[in-house]
Amino acid sequence: MDLPAIIADIVAHAASREDRGTVASYIPELAKVDPGQFGIAVATADGRLIEGGDCATGFSIQSISKVFALTLALGKIGDQLWQRVGREPSGNAFNSIVQLEQEQGIPRNPFINAGAVVVADVNLGGHQPRVAIGEMLRFVRYLAGDDGIAINETVAASETATGFRNMALANYMRAFGNIHHPVDLVLGTYFHQCAIEMSCRQLALAGRYLMLDGRHPEGGRVVSSSRAKRINALMLTCGHYDASGDFAFRVGIPGKSGVGGGILAIVPGRASIAVWSPGLNENGNSQLGTLALEELAHRTGWSVFSPPQGPS
């Protein structure tokens with residue numbers, strides 16, 4: 001398989017597409033991002049890094065941060081987390097409040113906004129937000145092997161100023177006793193984790209532990225093998241909100257999207273993939289990023305539903 005040639009073709013196809021989706025406008029800072037950009041990076045299990053397009057350009061990872069936050073929370077309280085957050089696809093928009101009333105303040109999964117706010121509450125752990133935010137930043141830097149990863153404070157401030165729906169979700173869950181800390185502290189943690197800025201290169205490298213059965217490529221274990229499998233399973237079933245089933249059908253790879261236009265996708269044992277294009281489709285997922293992953297999966301045979309095809 002000529003993976004560099006495949007990546008080059010995907011970048012060329014992305015450049016030629018006229019329908020690039022619409023940038024997220026409800027976060028003012030994201031509305032300013034040029035929709036003409038596209039980047040992709042693939043970190044393979046044998047240590048290669050294949051890149052193309054705007055792969056070194058930083059972007060706000062937004063909800064992709066929920067994967068790393070979930071990993072940290074599971075490390076803190078283990079399976080107790082599932083008493084406060086479910087593991088089922090939502091079937092609703094990522095910021096829906098409807099299910100919370102029906103399900104007594106228990107979010108359907110950790111990748112919708114309500115579930116991620118509960119995870120942020122766990123990670124806050126009685127500390128000030130700066131402590132939890134610092135822990136998250138150190139963790140992502142460790143995973144990517146890059147101390148240059150930082151939080152975009154302008155984006156964090158923009159989310160704080162406009163995050164009324166998330167405030168409603170958090171207050172509603174606190175009314176059910178499922179948020180334990182003051183809501184403003186929990187949301188401060190959440191908004192700042194979403195404002196972490198990474199490039200496709202950094203993001204693909206940060207996802208390698210999920211490709212490698214929970215191991216860090218430079219040695220040591222980030223999570224257990226069982227936990228890595230379960231995080232990947234949640235990414236497959238819940239990582240694209242109410243379009244998760246369609247993504248599994250078309251791509252067949254665990255993935256987590258963010259409204260900043262990024263997607264982290266994991267092919268267990270083979271690759272950690274990051275794509276980015278800021279224009280979103282009607283479900284709030286990257287338009288070109290989704291198409292690029294579909295093309296990549298088709299040309300490589302990388303799908304969790306396909307039989308093993310030998311070394312790539």
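Residue numbers start at 1 and run along the sequence shown. Here the structure is a predicted model, which means the values were calculated and not measured. For the numbers below, each heavy atom of this structure counts, side chains included, while hydrogens, waters and symmetry mates do not.
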All side-chain contact (heavy atoms from CB on, under 4.5 Å) counterparts of A248, not counting sequence neighbours | L236

Is there side-chain contact between [X] and [Y], with at least one heavy-atom pair below 4.5 Å?
X    : Y    : value
E101 : Y172 : yes
T162 : Y26  : no
T189 : L185 : no
T237 : R87  : no
R84  : V122 : yes
V140 : S65  : no
R227 : L70  : no
L296 : I7   : yes

Say whether, by atom type as modelled, one donor and one acceptor occur between the side chain of [X] and the main chain of [Y] under 3.5 angstrom.
X    : Y    : result
R20  : P35  : yes
R221 : V223 : yes
D54  : F38  : yes
H216 : Y209 : no
N152 : V155 : yes
N171 : R174 : no
S158 : T154 : no
R108 : P89  : yes
R208 : L205 : yes

Euclidean distance, [Y] [atom2] relative to [X] [atom1], rounded to 0.5 Å:
X    : Y    : atom1 : atom2 : answer
L210 : S272 : CG    : OG    : 7.5 Å
I266 : N232 : CD1   : CG    : 6.0 Å
S303 : F249 : OG    : CZ    : 11.0 Å
N283 : S244 : CG    : OG    : 9.0 Å
Q202 : L143 : CD    : CG    : 12.0 Å
Q62  : Q193 : CD    : CD    : 9.5 Å

Passing option when I263 is tested against V275, I273, L203 for side chain to side chain contact (heavy atoms under 4.5 Å, CB included) =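 One option only clears the test, and that one is V275.
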
Side chain to side chain contact (heavy atoms under 4.5 Å, CB included) partner of K66, the single match among I61, N113, V119 =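 Checked I61, N113, V119 against K66; only one passes side chain to side chain contact (heavy atoms under 4.5 Å, CB included): N113.
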
Would you say [X] and [Y] are hydrophobically clustered, going by side-chain heavy atoms of ILVMFWY under 4.5 Å?
X    : Y    : answer
I231 : I196 : yes
L124 : L137 : yes
L187 : F176 : yes
L49  : W302 : no
W82  : M235 : yes

Taking every non-hydrogen atom, the tightest pair across [X] and [Y]:
X    : Y    : value
G262 : W276 : N-CD1, 3.7 Å
C194 : S60  : O-OG, 3.2 Å
A132 : N123 : CB-O, 3.6 Å
S277 : Q37  : OG-O, 2.9 Å
I64  : G258 : CG1-N, 3.9 Å
I149 : A144 : CD1-CB, 3.7 Å

Full working for side-chain contact (heavy atoms from CB on, under 4.5 Å) between Q99 and E88 = CA-CA 12 Å; Q99 284 177 335; E88 295 292 337; over 6 Å; no

Counting only heavy atoms not in R230, do more than 12 fall under 6.0 Å of its CZ?
->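 Counting neighbours around CZ of R230, 12 or fewer heavy atoms of other residues, nucleotides or ligands fall under 6.0 Å, so no.
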
Assess whether atom NE2 of H298 is packed by more than 12 heavy atoms of other residues, nucleotides or ligands within 6.0 Å.
->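 12 or below, so no.
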
Would you mind checking if D146 and R201 are paired as a salt bridge, meaning a charged N to carboxylate O distance below 4.0 Å?
->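 No.
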
With no hydrogens and no angle check, do the side chains of H192 and E159 hold a donor and an acceptor under 3.5 Å apart?
-> no

Taking atom types as modelled, is there a side-chain donor on Q287 or D19 under 3.5 Å from an acceptor on the other?
-> yes

Verify side-chain contact (heavy atoms from CB on, under 4.5 Å) between Y241 and S63, making sure each step is shown before the conclusion.
-> CA-CA 11 Å; Y241 311 118; S63 286; 2.9 Å; yes

side-chain contact (heavy atoms from CB on, under 4.5 Å) evaluation trace for D121 with M173 | CA-CA 11 Å; D121 187 58; M173 290 187 292; over 6 Å; no

Test C200 against I40 for side-chain contact (heavy atoms from CB on, under 4.5 Å), laying out the working first.
-> CA-CA 6 Å; C200 288; I40 184 170; 5.6 Å; no

